[in-house]
Amino acid sequence: MMRKNIYQLLNEVETDFREYEQTELSSREKDYHKQKVLMEVRRMGNKENKNKKGRVWKAAVGIAAACAVVVGATSIANPVLAEELFSSVFGNLVENAQGEKYEEEDTERYTKIGKSSTAVQDEVDKQQDSDSYVTTMENNGVTLSVSDVYCDGYVLYYTASIKTNHEGLNQADGIITETKEGSNPSIFVDGTQLSGYASKAFEKSKDGSFVTINQIDLMAPTDAQEKPIDLKVGEKDTFVVDWDVKQFVGYLWDQWDESGEYVNTGKVEGDWHLRFPVTVDKSGNEAFAINKEENGITVKSAVKTKAGLVVEIDLPDFTKEPYNDPYNDPDIGIKDSQGNWLQWMNQKTDMHEDGTSTIQIMVLYDGEKDLTFDVTTKDEEPQNLASIGFQIP
């Protein structure tokens with residue numbers, strides 16, 4: 001299982017974790033989504049990839065902390081076909097996944113989001129004030145562009161690319177926008193700055209560009225002071241995103257220096273400010289009731305969107321009888337009929353005074369009819385607390 005492999009990797013690496021902020025983990029899938037570092041650790045274990053050897057955890061944190069998108073099942077594996085279906089950015093994302101250990105999972109994610117996305121330029125063309133938007137900006141020899149958006153009211157994905165004549169950046173395997181110096185990108189939705197935002201690393205493509213896909217949480221966003229906010233995105237037809245970036249740093253993924261950092265190939269500082277509209281596309285959203293209970297756990301309802309499935313669940317206080325989980329933190333997730341975990345996209349948790357909670361879990365959805373909400377303890381000998389089967393109409 002994923003957790004065993006990751007911790008085996010961590011045990012093999014000498015690391016001073018005092019440098020990093022501690023994170024309290026929740027469920028198996030929330031762990032996988034929220035603890036963004038884990039995605040990079042999985043890639044560290046890809047011994048089949050000759051171009052990306054084992055990596056150092058200390059260096060991985062700097063890159064992987066930006067990974068906000070997780071992985072799932074399988075779909076189109078032909079990069080040529082993918083480019084015909086989507087923009088060149090989605091085509092490059094799929095092509096970059098070829099030969100990677102999680103090729104099928106990444107390809108499925110990019111394919112599903114890509115099919116449901118909209119070109120940013122089309123979004124701009126629909127607006128009367130189209131001149132106020134900036135989807136491409138060049139500064140100090142680096143051109144940053146945003147290409148595609150997907151938004152169903154629960155989550156926003158957007159693709160972006162970098163093209164540059166900077167020799168150092170062009171030598172890199174990937175480019176990040178976040179550094180220890182704190183020059184992190186800022187993201188605003190309708191003028192409200194969001195906290196906890198991290199831009200995923202830009203990966204180099206065969207055409208020389210660097211591409212990425214980023215996620216913004218619209219289910220449980222927080223402002224710059226890390227206070228929960230209601231962006232009221234679900235009540236709007238369109239909102240505006242401002243993306244500010246102050247620097248780009250290039251790295252080689254298979255080389256690191258004496259301090260355990262990835263080898264830096266160059267840095268460019270500047271000011272890149274992109275501004276683009278996003279239409280909240282709820283045309284594919286379909287709500288339905290489930291109301292199935294087992295062992296005090298109730299799967300209440302769900303909403304299908306164009307790319308996802310949002311399931312609402314009532315959970316008991318697991319610290320009490322008969323569960324006796326001192327951490328109130330069993331593994332939870334949604335499985336398909338073959339027992340495979342569906343890809344985690346987002347989550348919202350409302351805690352109640354009595355220790356119970358209501359959660360909304362969003363997973364990538366591709367038409368599966370028979371699903372199961374699974375709850376299992378994290379003991380050395382895990383106990384299944386509930387396996388609630390339900391059907392999607």
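No hydrogens, no waters, no symmetry mates; every other heavy atom, side chains included, goes into these values. Residue indices begin at 1 and follow the sequence shown.
Residues Phe318 and Tyr323 bring their aromatic ring centres within 6.0 Å. Annotation: Trp243 is in aromatic contact with Tyr158 [ring centroid separation under 6.0 Å]. For Trp272 and Phe248, the ring centers sit closer than 6.0 Å to each other.
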Kindly indicate, with the supporting measurements, whether the criterion side-chain contact (heavy atoms from CB on, under 4.5 Å) is fulfilled by Phe188 and Gln193.
CA-CA 4 Å; Phe188 298 80; Gln193 184 175 2; 3.3 Å; yes
Is there a side-chain contact (heavy atoms from CB on, under 4.5 Å) between Asn285 and Tyr154 once you walk through the steps?
CA-CA 10 Å; Asn285 293 13; Tyr154 296 96; 4.0 Å; yes
Step by step, work out the side-chain contact (heavy atoms from CB on, under 4.5 Å) result for Val189 and Val240.
CA-CA 6 Å; Val189 171; Val240 178; over 6 Å; no
Step-by-step salt bridge (Lys or Arg N to Asp or Glu O under 4.0 Å) determination, Glu269 to Lys267
CA-CA 7 Å; Glu269 297 179 344; Lys267 177 171 70 174; 3.8 Å; yes
Quick one: do Ser186 and Asp244 satisfy side-chain hydrogen bond (donor to acceptor under 3.5 Å, both in side chains)? Show the steps, please.
CA-CA 5 Å; Ser186 300; Asp244 290 325; 5.4 Å; no
Ile213 vs Tyr110, side-chain contact (heavy atoms from CB on, under 4.5 Å): CA-CA, chis, key distance, verdict
CA-CA 9 Å; Ile213 182 169; Tyr110 302 142; 3.7 Å; yes
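Applying side chain to side chain contact (heavy atoms under 4.5 Å, CB included) to Thr377 and the options Asn324, Asp331, Asp325, Leu385 leaves one that passes, Leu385. Between Thr358 and the options Lys348, Lys300, His352, Glu312, a side-chain hydrogen bond (donor to acceptor under 3.5 Å, both in side chains) holds for only His352. Of the residues listed (Thr164, Val245, Asn165, Ile175), the one engaging Val142 in a side chain to side chain contact (heavy atoms under 4.5 Å, CB included) is Thr164, and it is the only one.
Taking 4.5 Å as the limit, every side-chain heavy atom of Tyr251 sits out of range of all side-chain heavy atoms of Thr265. With a 4.5 Å cut-off on side-chain heavy atoms, Thr279 and Asp237 do not count as touching. For the pair Val311/Phe373, no side-chain contact is recorded, criterion being any heavy-atom separation below 4.5 Å from C-beta on. Counting only heavy atoms from C-beta outward, the side chains of Gln255 and Tyr262 never approach each other to under 4.5 Å. At a threshold of 4.5 Å between non-hydrogen side-chain atoms, the residues Ser209 and Asn92 count as touching. For the pair Glu261 and Trp256, the minimum side-chain heavy-atom distance is 4.5 Å or more. In this structure the side chain of Gln391 reaches within 4.5 angstrom of the side chain of Asp370, judged on heavy atoms. Two residues are said to be in side-chain contact when any heavy atoms from C-beta on lie closer than 4.5 Å; Leu156 and Gln215 fail this criterion.
In terms of modelled atom types and a separation under 3.5 Å, the side chain of Glu138 and the main chain of Leu144 share no donor-acceptor contact. Although no hydrogens or angles enter the test, the distance criterion places no donor-acceptor pair under 3.5 Å between the side chain of Asp379 and the main chain of Pro382. No donor-acceptor pair closer than 3.5 Å links the side chain of Thr356 to the backbone N or O of Asp317. In this structure, Thr305 contributes its side chain and Asp152 its backbone to no donor-acceptor pair below 3.5 Å. Using a distance-only test at 3.5 Å, with no hydrogens or angles considered, no donor-acceptor pair links the side chain of Gln121 to the main chain of Val124. For Ser195 (side chain) and Asp223 (main-chain N/O), a donor-acceptor pair under 3.5 Å exists by modelled atom type. Using modelled atom types, one side-chain atom of Gln98 and one backbone atom of Val94 make a donor-acceptor pair closer than 3.5 Å. Of the possible polar contacts, one joining the Lys304 side chain to the Pro393 backbone as a donor-acceptor pair under 3.5 Å is found. Remark: side-chain polar atoms of Thr212 are paired, donor with acceptor, to backbone N or O of Ala201 under 3.5 angstrom.
Between Thr222 atom OG1 and Leu194 atom CG the span is 7.0 Å, to the nearest 0.5 Å. The distance from the OG atom of Ser132 to the CZ atom of Phe276 is 13.0 Å, given to the nearest 0.5 Å. In this structure, Ser145 OG and Leu274 CG are separated by 7.0 Å, a value rounded to the nearest 0.5 Å. Distance check, rounded to the nearest 0.5 Å: OG of Ser337 to CD of Glu368 gives 8.0 Å. Interatomic distance, NZ of Lys246 versus NE2 of His273, reported as 9.0 Å (0.5 Å rounding). If you take CG on Asn140 and CD on Gln247, they are separated by 11.5 Å, rounding to the nearest 0.5 Å.
Pairing each heavy atom of Met219 with each of Pro221, the nearest pair is C-CD, 3.5 Å. Between Gln338 and Asp336 the shortest heavy-atom distance is N-OD1, 2.9 Å. Between Gly114 and Ser117 the shortest heavy-atom distance is O-OG, 2.9 Å. Residues Cys151 and Leu218 approach most closely at SG-CD1, 3.6 Å, considering heavy atoms. The two residues Glu203 and Asp173 have their closest heavy-atom pair at OE1-O, 3.7 Å. When every heavy atom of Tyr150 is checked against every heavy atom of Lys306, the shortest pair comes out as OH-N, 3.8 Å.
In terms of hydrophobic clustering, with Ile, Leu, Val, Met, Phe, Trp and Tyr side chains grouped at heavy-atom distances under 4.5 Å, Met351 and Ile229 are assigned to different clusters.
For the residue pair Thr192/Asp190, the side-chain donor-acceptor check at 3.5 Å is not satisfied. Checked by atom type, the side-chain pair Gln347/Thr349 shows a donor-acceptor distance below 3.5 Å. Lys292 and Thr298 form no side-chain donor-acceptor contact under 3.5 Å, judged by distance and modelled atom types alone. Between the side chains of Asp217 and Asn346, at least one donor-acceptor pair of N or O atoms lies under 3.5 Å.
More than 12 heavy atoms of other shown residues, nucleotides or ligands fall within 6.0 angstrom of atom NZ in Lys369. For Lys163, the NZ atom is loosely surrounded, since the number of other residues' heavy atoms within 6.0 Å does not exceed 12. In the displayed structure, Glu294 atom CD is contacted under 6.0 Å by more than 12 heavy atoms of other residues, nucleotides or ligands.
Taking Ile, Leu, Val, Met, Phe, Trp and Tyr as hydrophobic and joining them when side-chain heavy atoms fall under 4.5 Å apart, one finds Val263 in a cluster with Leu252.
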